[in-house]
Every structure is written in structure tokens, then in C-alpha cells.
Amino acid sequence: MLVDSPPEATTAPAPVHPRRRHLRRSVGLVAAVAVLAVIAALGIAVGAKQIPFDQVWHGVFHYSGSDTDVVVRDVRFPRTLLGLIVGAALGLAGTVMQALTRNPLADPGVLGINAGASAAVVSAISFFGITSLTGYVWFAFAGAAVVSVAVYVLGGTRGATPVRLALAGTALTAVLVGYINAVNLLDTATLDKMRFWTVGSLASATLPTVLDIAPFLAVGGVLALLIARPLNALALGDDQARALGARLTRTRVLAMVAVTLLCGGATAACGPIVYVGLMVPHAVRALTGPDMRWILPYSAVLSPVLLLGADVLGRVVARPGELQVGIVTAVVGGPVFIYLVRRRRMAQL
């Protein structure tokens, strides 16, 4: 007599031990730093002009004033440094915005914050004759802050949804881009100064630019990292965050200050660069999970990898010229944004 055997019990995967998870995340972060170091080295070694590696090494460590040394030390080295700090700023800003608004589509470019900073800088140059970074960076901060508030108000404040915020940001971006183009067309001098800056470029980077903008981005980055734990609570909803002891008003104010410093400083230095703060946090969450204490440092490391990689790619594919980094990130990020929007809509059906 045949007896049916009982069905095999299905066992759920064993939970990962917290120490093992912590070790895995730590190792991953170290690996990310190593990748960033490689990309930074490529940023110095690779460009529109081909320079042998031994001459690149000489230009970095044994500067003698030759033409190749000038290209390496005075052009590529500051450009790479600017890409490092601006990439980290955009990654941190995008991560904070997504956590603050609970909107997976939040990004300084998508929500119009970069466009607000750009419009303010164009106004400063065209109407007030301000041409130094230390002069118009304050306009960039003001423009970023005003648009941040405007998007939140137009999106419905407490009733804001991810789609409404994205639509509000897109509408404001269209208006501001039209304003920027109008000012540039009416003022040819401003157009000559801004034609590369308005598409997002690292090409005009200098060491003084890096030194001028670094303190603002450093303060914004420290603020973003300090509010990681309250942002974790905020992701659970306002009621549960209050129950956990989170100070919602202070967290939101600090988050907006951090985003304004990061976006305003980054945009003032190299123009509006979109999608970096959108793509990287989504990729990071697949590695770290939802804990902001890990997402923020990972984003600060991997966002410069994306930005510098796009910059190197733009120099290589258009030799002897180059594509500005803002164009490359837009070409890469556009399809990613469409995919995220479609996936979000399918999840709501």
C-alpha cells in the first residue's frame, strides 16, 4: 500500500545576523571608496587630450610647468576635485529629499531646485553684474530655498503625493528654464558666460572655485549625516515619528537647510546637473536596505562615481571636443526616471 508522503515544509530564509549585516555594509562601503579612488584617478589621467600615464604622474607629483603638467595639475586635478564634492553634495541632497518628502522621485533637478538656483545666478550675473563665485553663491542659495518651499506648497503641503510633487517641480523647472533662456538671449554677454554652465559642466573648475564652495558643501553634508536617525523615524509617518521622540519641525528645518546648502553650492559651482541625486539613492537601497545611516554615506561615495564617470565618458566619446557632464547625466538619467515613474504608477494600480 502506497502512502502519500507529506509535502515538504517551506522554510523562510534565515534572518541575517546584525553583526554580519553591519560587516557586509562596511565592506561594501570600503569597496565603494576604492571604486571612487579609481574613477578619480581616471578623471585625472583621461581626457580629450591623450597624455601618457608617466606624464600624468609627473604632472601630479613633479610639476615643472610644461604644457602637459598644466593640463594635469591646473585643469584636470581641480576638475576632479570639484566632481568629487559636487557629486557627493547631489547624492546627499537627493537622499535627504526622498526621505523628507517620502517621494522616491525626489531629486534636486526633478523638483526644480537646481533650476531655481540657476535662475538666481543668471539674474545676479545679468542684472547685478556679479561674476565671482563668492558673490553669486548667495543668490544660488536663495533661489534653491525659494523653489524648495514653492514646490512643497504647490504639491499640496501635507497632502502632497510623489506624483504631485514631481509635477509641481516639472512645471516650475519649465518656467525657470524659459526665464533663463530669455535672459541669455536678451543679454549676449551673459549667454557667453553661461552657455556651458547652464547645461551643467565641470570644465571651468579651478582650485579657487573648489576652495570657495567646499565649506558650504561640507556644512550641508555634515547636517545631512547628522539627521540620518530622525529621517529614519520620519519615514514611518509623522505620528509614529512623534511616538519615537523625533522632533519633526527641527528635522525638517535642518533637512531644508542641508538641501539648500548642498544644491545651492553645487549649482553655483558647476550649473544644474540632474538625475544624480535620483539614481544613486535607489541603487544604494538595494545594497543597504532602508536605513538612512547607511544610505547617506553610500550615496556620498557613489554619487561622485557616477558624476566623474559621466564626465570622463563625455571627454572620451566626443574627442577632440567633449560633452558636458550635465548632458551625459541627462541622457543616462532620463530613461531611469521614466522607468521609476512607470513602476510607481503600476504599483498604485
**Shortest non-hydrogen separation from Val312 to Gly43 and the atoms involved** = CG2-CA, 3.7 Å
**Prompt:** Would Leu225 and Val284 show up in the same hydrophobic cluster when neighbours are defined by side-chain heavy atoms closer than 4.5 Å?
**Reply:** yes
**Prompt:** Given side chains that start at C-beta, do those of Arg250 and Ile227 come closer than 4.5 Å, heavy atoms only?
**Reply:** no
**Asked** Which atoms form the tightest heavy-atom contact between Asp69 and Ser64, and what is the distance?
**Response** OD2-OG, 2.7 Å
**Asked** So, Arg73 side chain and Gly59 main chain: donor-acceptor pair closer than 3.5 Å or not?
**Response** yes
**Prompt:** Aromatic rings His22 and Trp294: how do their planes relate, parallel, tilted or perpendicular, breaks at 30° and 60°?
**Reply:** perpendicular
**Asked** Just wondering, do Leu176 and Val147 contact through their side chains at under 4.5 Å, heavy atoms?
**Response** yes
**Message:** Does Phe139, at its CZ atom, have more than 12 non-hydrogen atoms belonging to other residues, nucleotides or ligands within less than 6.0 Å?
**Reply:** yes
**Item:** Connected via hydrophobic side-chain network under 4.5 Å: Val175 and Val183
**Value:** no
**Prompt:** Is there a side-chain contact between Leu234 and Arg252, using heavy atoms and a 4.5 Å cut-off?
**Reply:** yes
**Fill in**
All heavy atoms of Leu217 vs all of Ala89, minimum pair found to be CD2-CB, 3.9 Å
**Pairs where residues 200-258 contributes a residue and the test ring pair (Phe, Tyr, Trp, His ring centres under 6.0 Å) is met, not counting sequence neighbours** = Trp138-Phe216, Phe141-Phe216
**Request:** Could you walk me through whether Thr173 and Thr170 pass side-chain hydrogen bond (donor to acceptor under 3.5 Å, both in side chains), step by step?
**Result:** CA-CA 5 Å; Thr173 298; Thr170 301; over 6 Å; no
**Check: Ser118/Thr267 side-chain N/O donor and acceptor closer than 3.5 Å** = no
**Prompt:** Counting only N and O atoms by type, is there a donor-acceptor contact under 3.5 Å from the side chain of Thr329 to the main-chain atoms of Gly326?
**Reply:** yes
**Request:** Return yes when atom CG of Asn181 has more than 12 non-hydrogen atoms of other residues, nucleotides or ligands closer than 6.0 Å, and no otherwise.
**Result:** yes
**Item:** Side-chain donor or acceptor of Arg79 paired with backbone N/O of Ala205 under 3.5 Å
**Value:** no
**Prompt:** How long is the gap from CG on Leu90 to CG on Leu262, to the nearest 0.5 Å?
**Reply:** 8.5 Å
**Prompt:** Are the side chains of Gln98 and Leu278 in touch, meaning some heavy atoms are under 4.5 Å apart?
**Reply:** yes
**Asked** What closest approach, in Å, do Pro304 and Gly83 show between heavy atoms, and which atom pair accounts for it?
**Response** CB-O, 4.1 Å
**Request:** State the CG-CG distance between Leu36 and Leu84, to the nearest 0.5 angstrom.
**Result:** 5.5 Å
**Prompt:** To the nearest 0.5 Å, what is the distance between CG (Leu313) and CD1 (Ile327)?
**Reply:** 12.0 Å
**Side chain to side chain, Asp212 and Val137, heavy atoms closer than 4.5 Å** = no
**Request:** Given side-chain contact (heavy atoms from CB on, under 4.5 Å), test Leu308 with Val325 step by step and report yes or no.
**Result:** CA-CA 8 Å; Leu308 289 175; Val325 66; over 6 Å; no
**Message:** Please report the interatomic distance CZ(Arg247) to CG(Leu254), rounded to the nearest 0.5 Å.
**Reply:** 10.5 Å
**Asked** In a check of side chain to side chain contact (heavy atoms under 4.5 Å, CB included) between Leu323 and each of Val316, Val317, Val199, Val331, which one passes?
**Response** Val317
**Prompt:** Should Val70 and Tyr63 be marked as a side-chain contact (heavy atoms from CB on, under 4.5 Å) after you check the CA-CA gap, both sets of side-chain angles, and the distance that decides it?
**Reply:** CA-CA 8 Å; Val70 169; Tyr63 184 82; 3.6 Å; yes
**Asked** Mind checking whether Val60 and Trp57 sit in one hydrophobic cluster, side chains of I, L, V, M, F, W, Y counted as touching below 4.5 Å?
**Response** yes
**Prompt:** What distance separates Met279 CE from Leu306 CG, expressed to the nearest 0.5 Å?
**Reply:** 4.5 Å
**Prompt:** With side chains defined as the heavy atoms from C-beta onward, is the minimum distance between Asn114 and Pro108 less than 4.5 Å?
**Reply:** yes
**Request:** Can you measure from CD1 (Ile39) to CG (Leu302) and round to the nearest 0.5 angstrom?
**Result:** 10.5 Å
**Prompt:** Do Val33 and Val27 belong to the same hydrophobic cluster, where Ile, Leu, Val, Met, Phe, Trp and Tyr are linked whenever their side-chain heavy atoms lie under 4.5 Å apart, directly or via other members?
**Reply:** no
**Request:** Say whether, by atom type as modelled, one donor and one acceptor occur between the side chain of Arg315 and the main chain of Glu322 under 3.5 angstrom.
**Result:** no
**Message:** Determine whether a donor-acceptor pair (N or O, by modelled atom type, separation under 3.5 Å) exists between the side chain of Asn232 and the backbone of Met292.
**Reply:** yes
**Request:** Check whether any side-chain N or O of Ser126 sits under 3.5 Å from a backbone N or O of Val122 as a donor-acceptor pair, and report yes or no.
**Result:** no
**Minimal non-hydrogen separation, Val305 against Val301, with atom names** = CG2-O, 3.5 Å
**Complete:** Nearest heavy-atom contact between Val96 and Ala224 is CG2-CB, 3.8 Å
**Message:** side-chain contact (heavy atoms from CB on, under 4.5 Å) for Ile85 and Val210? Distances and angles first, verdict last.
**Reply:** CA-CA 8 Å; Ile85 62 175; Val210 175; 4.0 Å; yes
**Asked** Considering only heavy atoms from C-beta outward, does the side chain of Val71 approach that of Asp67 to under 4.5 Å?
**Response** no
**Asked** Which is it for Leu287 and Arg25 under the side-chain contact (heavy atoms from CB on, under 4.5 Å) test, yes or no, and what are the steps along the way?
**Response** CA-CA 8 Å; Leu287 301 173; Arg25 290 170 175 172; over 6 Å; no
**Request:** Go through Ser123 and Tyr136 one step at a time and tell me if the side-chain hydrogen bond (donor to acceptor under 3.5 Å, both in side chains) criterion holds.
**Result:** CA-CA 9 Å; Ser123 300; Tyr136 61 66; over 6 Å; no
**Pairwise side-chain contact, Met256 with Leu100, heavy-atom cut-off 4.5 Å (strictly under)** = yes
**Request:** State plainly whether one hydrophobic cluster holds both Val332 and Leu307, where clusters connect Ile, Leu, Val, Met, Phe, Trp and Tyr through side-chain heavy atoms under 4.5 angstrom apart.
**Result:** yes
**Prompt:** If only atom types and distance count, is the side chain of Arg76 paired as donor or acceptor with the main-chain N or O of Ala45 below 3.5 Å?
**Reply:** yes
